[in-house]
Each structure stands twice: as C-alpha cells, then as structure tokens.
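In what follows, a single structure is set out as structure tokens and then discussed.
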Amino acid sequence: MSHDDVLNPKEMPHEPEKATHEGQNKFLGFWFFLGGETVLFASLFGTYLALNESNAQDPTRSEMFGLELVFIMTMLLLTSSLTSVYAMYHMKNNDFKKMQTWLAITVFLGLGFLGFEIYEFTHYIHEYEFTFQSSAMGSAFYTLVGFHGGHVLFGLLWITSLMLRNAKRGLNLYNAPKFYVASLYWHFIDVVWVFIFTVVYLMGKVG
Amino acid sequence: MSTALAQKRGLGAAIWDYLTTVDHKKIAQLYLVSGGIFFLIGGLEAMLIRIQLMQPNSDFISAGLYNEMITMHGTTMIFLAAMPLIFALMNAVVPLQIGARDVAFPFLNSLGFWLFLAGGLILNCSWFLGGAPDAGWTAYAPLSATSPGHGVDYYVIGLQISGAGTLIGGINFLVTIVNMRAPGMSYMRMPLFTWASFVTSNLILFAFPALTVGLFLLMFDRMFGSAFFDVGLGGNAIIWEHLFWIFGHPEVYILILPVFGAFSDIFSTFSTKRLFGYSAMVFATVLIGFLGFMVWAHHMFTTGLGPVANSIFAVSTMAIAVPTGIKIFNWLFTMWGGKIRMTSAMLWSIAFIPTFTIGGMTGVMLAAAAADYQYHDTYFVVAHFHYVIVGGVVFGFFAALHYWWPKMFGKVLNEKLGKLAFWPFFIGFHLTFFIQHFLGLMGMPRRYWTYQEGQGLDLGNLISTVGAFLMAIGTLIFVYNVIYTAMKEKKVSGDPWDGRTLEWSIPSPPPFYNFKQTPLVRGLDPLWIEKQDGKTGMTPAEPLGDIHMPNGSFLPFLMSLGLFIAGFGFIYQVDHKGWLALVFIGMGITLGSMLTRSLKDDLGYHVHKEELEEGGGNHES
Amino acid sequence: MKGWMGKFRMLFLFGALSLILSGCGVDNISALKPEGYGSELLFDLMLISIAIMLFVFVIVMAIYTFVIIRYRQKKGQEDYIPKQTEGNKALEIIWTVIPIILLLVLAVPTVQATFDLADNSGSEEEGAINIEVTGNQYWWHFNYKGQEISTSQDLYIPKDKRVHLTMKSTDVIHSFWVPSIAGKMDTNPGDNQNTMSLEAYEEGEYLGQCAELCGPSHSLMDFRVIAVSQEEFDQWVEDMKNVDPEAQPESDVAREGQELFNNNCMSCHAIGSAPAGVGPNMTNFANRSKIAGILDPTKENLVDWIVHPDEIKPGNQMPSNLVNEDEAEKIAEYLLQLDHTDVTPESAEQN
C-alpha cells in the first residue's frame, strides 16, 4: 500500500478535505485554532474600545474616518470570501483548474484590499499626523486594523504558495485539506473585517 | 529521514534523535527534563528569597535583585516548570489512555516543545545579559512598561514564544482527544486524566491569546513607542490587568485540572475501586473550566472596578468552590470501602486532600470581595496560592510521576526514597506557608524586599525560611531517587500497580507505535473490565496490519531557533537599529522552515505487518 | 464593638475565634486588631468566612481520617477486591447543595460589605474632610481639598470621623493600605481615580504601607495615619494653614541650611501649601515620626539620607551627593526645626 495510491484514488470523494484521517485532524485543529484567533481579536477589540476616545492631540475618529474608501475595501473582501467559496465548490467537484482560477481571483481581490488599506494608513499619517505613536487611540487603531491586515497578507502568501506548489500535480487527498483550511482562514479574516468595519468605522463615524 | 539517520550509533545519534523526534513519549521526556530543570532553578530563586526574608532589614540580596528574583521565581515556576510538566504528563499518558498510536499533530507537538524551550531559554538569558525582569510575574503596567534596562523585554519575548508553543500544544491535544480515541472509547469512558487534559487544552486555547495580545501591547509600548499604557497620551494601565487576568485566572485551572485528573486515576487505582461518581467528576471538571473564565476580576478587587463588578466577581468566584468540593468528596468516597495501598504516589495524593482543602478555603475567603481589601497583595495571598499550586500542582506532579514513572521509563521509582522525599517536603511545605497566612494579616504585603523590626513579623518569617529548607531537602531526595532508580532498580512489567486504564495494557516503556493492534474498549476502566473477565490484556479492535507512523523532522527545532534569534533582535533593536539584522535572519529561518513544511510533502512511513510479527518492529532502535 | 454585627458575635462563638486571631500581630499594624470602621467591618467578614470554612474543614477531615485509617489495606487482604460502587445520588446531592447554602450565607454579608465600603456619599456633605492621596515612587502625598493644606508621609485625621480619600498616582500603580483601620485601595495613574474612606476609633499612629509592587523600594514606602482628637485636629488644620514657608530659623546653622535648601532642594520639594512637587512636601518635618518613611528621626540619619538617598531607598528620584556632608548637616538642622504645630504623633499617643 503506497502513499500515492491512497492519496490519488481513481475517484475523488465528495469531501476530499476530510477523506483522510490527517485531513480530519487538520480540519478540526484549524477550527480550534480559529477559536483561539477569535479570542485574540476579541482582546484587540476590547483594547480598542477602551482607548477609542483617548486620542490625546489627534483628531477624533469622526473627523478622520471616511466611509467611502472603507466601503470599497469591505466590498472587495466580502467578494473575495465569495470567490473562495466558489474555489472550494470546484475543489469538491474535483475541478482543479477552476479552483485555481477562483483562488487567483480571491488573491487578486485581497491584494486590492491590502493596497487600499496601505493607502488609508498613509493618508492618516500624512493628513492628520495620526500615527501608531501619537496617541493611545492611534496605537490601538493601528494594532487592531494592522493585525487584521497582517492576517490578510499572511493569507495571501499562504494561498499563493499553495497554488504555485500544486499547480502542476493537481488535487489529491494530501493537499485538499491544505486548500480547505486556507479558505477557512480566509473566511475568518473576512468575518473579522466585518466587525472592524462596524466597530471601528461605522461606530467611529456615528458615535 | 529519521530511519536513515537513526542507523548511526552513539551520543550524536541520540541527540539527533531527540532533536528531530515527533514521538509523544520522547517529547514527554524532553518536557520532563527541561521542566524539571526549570523547577530546580525556580526553587533556587525561592530559596534566595526566603534567605533574604529570614530576618528583618536584611540585605543578603539587594532590593533590585530581589525584585528580579521574585519575578523570575513566579514566571519560571508557572510558565517554565508547571506548564511543561503538565505537557510532559499529557504527552506521556493521554495517547496511551485513549488507545492512540500518537497525537493528532506529531510535528506540531515537537514544535510546541521547542518553542517553549526557546522562550524559556531567552527568559533565563536575561540573568547574564544585564538583568532579569523585575516587575513581578504579573508585570503590571506602567511599572513593566517603564522598567529600565532590558529585563522586561526578555519577559515579553520569552513568554510570547513559549506561549505560542503552549497554544499549539493545547490545540494538538484537543484534536487528539476528539479524533484519536480507540473504538469504544466514548467520552464518558475516558479516564479522568484525559478528561482533565481535554478541559485544560480548551482553557489554553481560549486563555492564552489574551496573554498574547497583552504581551504584544507591552512589547509595542516598550520597543516601538506606542502608548497603550502611557497615560500622558491617553493610555490606560488597567487594560493590562484585565488582559493578564483573563489569561491568568484560567491559567490556574490549566495547571490544577490535569493533576486533579491524575489524582482521580491514582485514588482509583490504589484503592482498587472504580472512581466514585464518575459523571459528577467529569461535570465538575468541565464546570470548573467554564467558571474559570468568569472570575478573572477577583484579582482586581482593589483596582477600583466598583462595588457592582466586585460583587458579581465575588459570587462567581465562590461558585467554583461547589464543583471543587464535589471533587474532594468524590475522592474521599472513592477511598471509602476500598483497599488503600500506601505507595508513594498514594502518599502524595493523600497529603494533597487536606492541603488543597485549606487552599480552597482560603480561596473562598479571598473571594469575599470586601475582605480582600485586607488580604489583597499580602502574604495571605502568597500563602493561599502556594497551598493551591504547591499543595495541589506540585504534590500532583510528585504523585503522578511516581505513578507513571514505570510507564515512561520501565522502572518503579524507589519506594523508600520516595517516602523519604515526601516527609521533609510535606512538613516543610506547611511550615513555610501556613504561617504566611498570619504574616499577611499581621500587615506584611507581598513582594516586600524586607520588613522593619518591631512589626511582629520576625518569628513567622524565620519559621517560613526553615520550612523552605526542608522542602529543598525533600526535592533533592526526589532528584537523587530519579538517579538511583535509573542506576539500580530493575525493569518492571507493563502493569506494576494493577492498573485499570489502557496505558497499563501495553509494555513499559511502550513500543514507539504504542499499540500493536488498536484495543477495543468495553467500558470505563477498560483494562479492569478485561481483568475481571479473566483476560490478561485488551481485545484488539482490528487485525494485525501495517501501522502508519509520522516522520521525524528537524524543522520544529529550526523554527524555534529562528524565533530565538529574532527575539534577541527585537530586544536590542531599541538600542541600535543594526540589531534588526537578527530579526530578519531569525524570522527568515522561521518563515523559511514554515514554507518548507508547507510545500514539502511529508507522508510518513509504514511499519510493516511482518516487522510487528517478528516481535515488535524495532524500526527506530 | 461598633461593627455592624457586634451583637451577634457571641452567638456564633466568634468571641473565641476573634480572641485567638487578635492575639496575632502588633497594635496599629495588624489587620487582626481592627481599630477603625473599615478594618472592623472586614474583620467581621473574615470571621464569618473562617467559621464557615472551619466547619467544612472539620467535616472533610473527619471523613478523611476515618477513611485512611479504616480502609488501609491490611495483612491478608492482598487478593480482596472491594465492591466497585459507581456513586450515590443522595450523597452527591448533599455535598452539592450544602456548600451552595454555605456560600450564600457568606455571599450576603460580602455583597453588603462591598457596597458599604464603596459608599462615598458622605464626601459631599457639609464639613466633610476630603483628602487627595497621591502615590509616588516611593512616598505619599496628601492634599486636603478646600483647605490648602499639603503634607507628605504623615496623614492627620480626627478620630471617630469618616474621612474621604480620592486616590491617584503620578507614576506607577501603588496601593494605599492601613491594615489596622481600613483595607486598601490602588492608586492608579491617569484618570482611573479611586475612592475610599478612613475612620479610626482610637487616637493613635497607624502604620500604612504600599501594597502594589512599584519598584525596588516598594517595601520601604511606609507612611503613617495619625488619628487625633477633633480639637487637636482643628488645631492642626489651623496651624498648617498658617505655615510661613519662608520663616527664618533662629540658629545661624539652620539659616545657612535654609539657604542651601532653597538653592538645592526647592526645585523638587516644597514647604507650606504649595502643590505636590516631584518630591515630598517638607511642612512640619520636625514632627515626622520617621524620615523617608523608615528611618528614626535623628539628625545623623537625616544627613545620611540627604547625601545617599539611593543607598537607603534604591531607585528613588532624589539625586545622591547633591550636597556634601557638611551642607547636609546644615540642611538637616533646618529641616529638623520645621515644627509647625504642637499637634504631633505624641498627641495621638497620650490617651
């Protein structure tokens, strides 16, 4: 019984990500990991909420934040979540090419998001001199949003390297769980952003 | 990889084997040895503290050094001794108790260990590189944020790295217990130690990220000029207290629950009785874990949260006494009507009951929010948590090590020496800490470098120091016992205690694949059930076949080494930006290793049926 | 016996318990010898909790002792297999319900006491004494609100009167603790100000300490609360309001000392009602019972402290060797004659 036979069955099962024991472990382990990540972001949100009015010399949130740009970013990220769903749909149908295509679109949208975020940060820094060091609110803002941005960046690198690594050999039961948890991660990032959009930007603009 | 290299003989091969191992039993040994060494270091720090406090106005060590000593004593004991020893036990026992051949993520298991070790070594490097952290193990801001020198930087980086290792370990055991149980091993048939490990892993998963964030904030404030705790720029020092205790209180249960589990197994085995009220015990364990998250602010009664918050947290804290009480009574009634064999493991367990009852009672007293205005940050608190952590966790380690030593190393620790170690430690423990309840109430705050004459504190402190020396003697006898046993004692069978659970159904130490055939579990205490049916071992749940095993890997060590290097870069880039080079080199090693891990297929190997039949598949030896 | 449960004490046999406990420690330091409103309330709460806990402990230990004696394996029992009991519903319910009841019994007075001590409504009343407490590394500053009185290290209060404190810190977190008359409360930096109250039943000099790790000299941050009679307190207030910070000392040496003090020390220290500076306010220095919180008030000690503060309180802000020993002697001479009132720690001890 060689590994190749096991990992490349004649007929791919419907849920290739959970077809092997290792895949099941990875799947469950990653859910637990996301549980931990939730606490991480909850702590960051808590910190931000405690400091969001401690702007010292900086302008207040409603003076700085604009919703237009952030709305575009939200749309980009939400769409990218949807495209990663398509990718997983094609993975379950064992259509590797389509999966790669949709993943590429996901990465592209994610890059767009990241670009806008960098633009947003430089805007605040140049326009308002609102930095990581200028006030406690600045520290909390850049830490929370920056942690999310860092997660986006990591996710992009992760998905890209998976795509490149497996471009030639296609889908098997060894890499299917890897693709699947990467897409889970991407959804998680998206959900966190929805909270950031609400708590940081909407509440910042209104409250 | 491991198979080819393991052909080499000698010390080099052995070291390489341990550097690359992903076998949970060997990782348990690594955790045990490093945790044990850190325990001795932490103990040495404790002795220096006690010598300093032996008489009033002493200047045996300076005030600054004293603060470093208390900080490192607390941090070392909690993060570098107790945590790895917990993981040592979990690694050694949990897969065997559930009938698994390994953990769910052998690679991550090894990574968790090396990260812990890297963090612990960084932290202790501080002693030689300009001074250890000195803001207390709780590192309250702004004291920690403004503490001069690099001490607290070492604290932040060291704990961040070892904390990541712990988190990984926690996830690993969660998945192991959910996914890897043998056929028939339902949740309500799991031994209490496995249950406790499961709950503890949950606590690790949901508590450690709060510490991670707290450490990041402190790191950013100290190294990158942010203002989380800088009141001048609107910062708020209380955030640290919340984040630290949201982690810190569950941490207490992370430590105590596994030893509760171990005690349950030990009481049951050495009373030759089924655990009394098994389902209540499981329920109590889960409830303690759950309530553990609801009580963090009881460490902050004097912070000024107001009477409403204080009252809520007071009552929720008291509620924990109920499941804890259930456990105490169930243990007593496990022994009731049984046949108590007074082995060393049982001796430590029996000593634990009154000790922990006292610790629990002072815990309830501390929960009375208003009264805490007197207890808080005094020696009363010091006495309380040493009753819980030494009287609970350390007694538990000694008991569990005596109990599982034969399973880990194939030899029973010498019983005479075991008892000889117990008595000085036990007496010394009560001598050291009982009097401290009174010292606290008589007006001695904790973390005091010295106290003035004429305050009525002299005699109590002297007694306490004498007790500490007795504890040290007990510890040394235990260490001697370990060496003596390794040299002189004979190998024993797989089941020296007339055990009840799965780990006793296989040889001691177990073969690297644990179970030649996965056992079929027919109830709680599966081995006991088979014994009662007149069988000598478990009934297999599968025919003899190939066993799939994971490959060893050097990558976990490399990843941790990278972070170790980068850690120094982070600490010293504050002085000179050139140190950022270390950050890039270190992170490069780590991320490169991660990329390698992600891109290079690692499919493991098979131990073939024929090898197993030949008598054990000596694949690795 | 002014505690809220004074009359119930005998009923619960707390008398005996409280007698044993109050044998511990030194008067005016120990929390087990309550001499004020807060500490007595808390002592009562401690007694209730200890009594409940002892009750539980006795039961546990009784079962425990019985079990380990009775069920220890005896000779000839090697092959005996005990009955494998699964549990006992009735018993398990008993040891779940009884602790819940006991905890409820404890929870009620706990919540009461917590709200009682947080009640700061008296601070608004006419004639209330409000004091701002500031923790510093490693000394305490007291500012009597609306009175223009600033002092450091010694806190004068009238006995039998509730004094209201608001607390903050200029640097790290400290905790203000006077065990024998009240509990403790943290002093936080920034806007997280806390409140607490003090009331001493007897005149006396009560030791106060810092109870939150604040740096190397954390253990040397002692202060004193001096409770005097109302008349003496009024006198003290009057005297303190009329301090002349620039008063000329009588002796020549002291005058030289004043000159040196003004030139070297005034940038941090102050005399009179000036607001809190970087260092302690020196008003009424001659009447302090300790120098720097811990040293006996001799001239020798004071000189030592002025020249080598870092050797006595490591990590403190006062520069070492700012003046030489001769100059320090003169400054000491000056400081030790800053006797601004006849109300001193001795007045508190006369009764």
Side-chain angles (χ1 to χ4, degrees), chain B residues 62-64 67 136 140 142-143 231 236-238 272-274 276-277 280 302-304 306-307 310-311 314-315 318 321-322 325-326 328-329 332 335-342 350 353-354 357 361 364-365 368-371 373-374 376-377 438 441-443 445 447-450 452 455-456, chain C residues 24-26 29-32 42 45-46 49 53 57 60-61 63-64 67-68 71-73 77 80-87 92 95-96 99-100 103 106-107 110-111 113-115 117-118 172-173 175 179 183-186 188-190 192 194 209 211-214 216-219 294 314:
Chain B
S62 73
N67 283 359
Y140 272 18
L143 181 66
V231 288
N236 187 341
I238 310 301
T272 326
K273 256 190 80 196
R274 183 194 155 104
F276 191 90
T302 65
T303 299
N310 279 1
S311 299
V315 174
M318 289 179 188
V322 176
I326 291 176
I328 296 272
F329 283 111
L332 288 175
M335 292 189 280
W336 186 294
K339 183 180 75 172
I340 300 174
R341 283 176 286 158
M342 211 55 89
I350 284 190
I353 287 189
T357 308
M361 291 182 338
V364 175
M365 291 173 66
Y373 300 157
Q374 291 288 24
H376 182 76
D377 263 348
F438 293 92
L441 294 175
M442 282 153 63
R447 293 165 169 173
Y448 259 30
W449 165 57
T450 190
Q452 307 299 314
Q455 298 187 346
Chain C
C24 295
V26 174
I29 299 178
S30 172
L32 298 172
L42 299 177
L45 190 55
M46 275 183 217
S49 56
M53 293 302 124
F57 188 67
V60 170
M61 289 317 289
I63 301 174
Y64 174 83
V67 164
I68 58 172
Y71 294 108
R72 204 165 161 182
Q73 176 177 307
Q77 270 196 329
Y80 159 72
I81 292 176
K83 187 164 172 272
Q84 304 288 312
T85 24
E86 287 193 18
E92 289 175 49
W95 64 58
T96 311
I100 291 177
L103 289 173
L106 179 58
T110 296
V111 173
T114 308
F115 277 89
L117 290 180
V172 302
I173 301 173
S175 194
K184 68 175 74 65
M185 192 53 82
D186 289 0
N188 296 314
N192 297 307
N194 288 329
Q209 292 170 301
E212 184 62 66
L213 181 63
C214 57
S217 290
H218 167 53
S219 57
I294 46 168

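Below, chains carry the letters A, B, ... as their sequence lines are ordered, and counting in each starts from 1.
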_Restricting to side chain to side chain contact (heavy atoms under 4.5 Å, CB included), what partner residues turn up for C:I63, sequence neighbours left out?_
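Testing C:I63 for side chain to side chain contact (heavy atoms under 4.5 Å, CB included), a comparison that skips the adjacent residues, returns B:F329, B:L332, B:F333, B:W336, C:I59, C:V67.
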*Would you please name every residue forming a side chain to side chain contact (heavy atoms under 4.5 Å, CB included) with C:M61, sequence neighbours left out?*
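Scan of C:M61 (side chain to side chain contact (heavy atoms under 4.5 Å, CB included), adjacent residues dropped) gives B:P354, C:F57, C:Y64.
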*B:K339 NZ to C:Q73 CD distance, which is reported to the nearest 0.5 Å*: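 Spacing of NZ (B:K339) from CD (C:Q73) equals 5.0 Å.
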*What's the spacing between B:M335 CE and C:R72 CZ if we round to 0.5 Å?*
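If we round to the nearest 0.5 Å, B:M335:CE and C:R72:CZ are 12.0 Å apart.
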*Give, as side chain, backbone, both or neither, the part of B:A314 having an atom under 4.5 angstrom from any heavy atom of chain C.*
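When you check distances to chain C, only side chain atoms of B:A314 fall under 4.5 Å.
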*Proximity breakdown for B:Q455 and chain C, heavy-atom pairs closer than 4.5 Å*: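 Interface part for B:Q455: both.
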Is there a side-chain contact between [X] and [Y] in this structure, where contact means two heavy atoms from C-beta onward sitting under 4.5 Å apart?
X      : Y      : result
C:H218 : B:Y448 : yes
B:K273 : C:T85  : yes
C:E212 : B:R447 : yes
C:F115 : B:S311 : yes
C:I173 : B:P142 : yes
C:M53  : B:V364 : yes

Heavy-atom contact with chain B under 4.5 Å, split by part of [X]:
X      : answer
C:P189 : both
C:E86  : both
C:L213 : both

Is a donor on one side and an acceptor on the other found under 3.5 Å between the side chain of [X] and the backbone of [Y]?
X      : Y      : answer
C:Q84  : B:T272 : yes
C:N188 : B:A237 : no
C:K184 : B:Y373 : yes

*With a 4.5 Å cut-off on heavy-atom pairs, point out which of C:T96, C:T114, C:V26 contacts chain B the most.*
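Among C:T96, C:T114, C:V26, the one with the most close pairs to chain B is C:T114.
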_Leading residue by heavy atom contact count with chain B [cutoff under 4.5 Å; candidates C:L117, C:L103, C:I100]_ =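 When all of C:L117, C:L103, C:I100 are compared, C:L103 has the most.
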*So which of B:A368, B:G456, B:S62 has the largest heavy-atom pair count under 4.5 angstrom toward chain C?*
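Looking at each of B:A368, B:G456, B:S62 in turn, B:A368 comes out on top.
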*Between B:N310, B:I350, B:I328, B:N236, which has the largest tally of heavy atom pairs under 4.5 Å with chain C?*
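With the most close heavy-atom pairs to chain C, the winner is B:I350.
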*Do we see a donor-acceptor contact under 3.5 Å between the side chains of C:D186 and B:T302?*
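The criterion, which ignores hydrogens and geometry beyond distance, is satisfied for B:T302 and C:D186.
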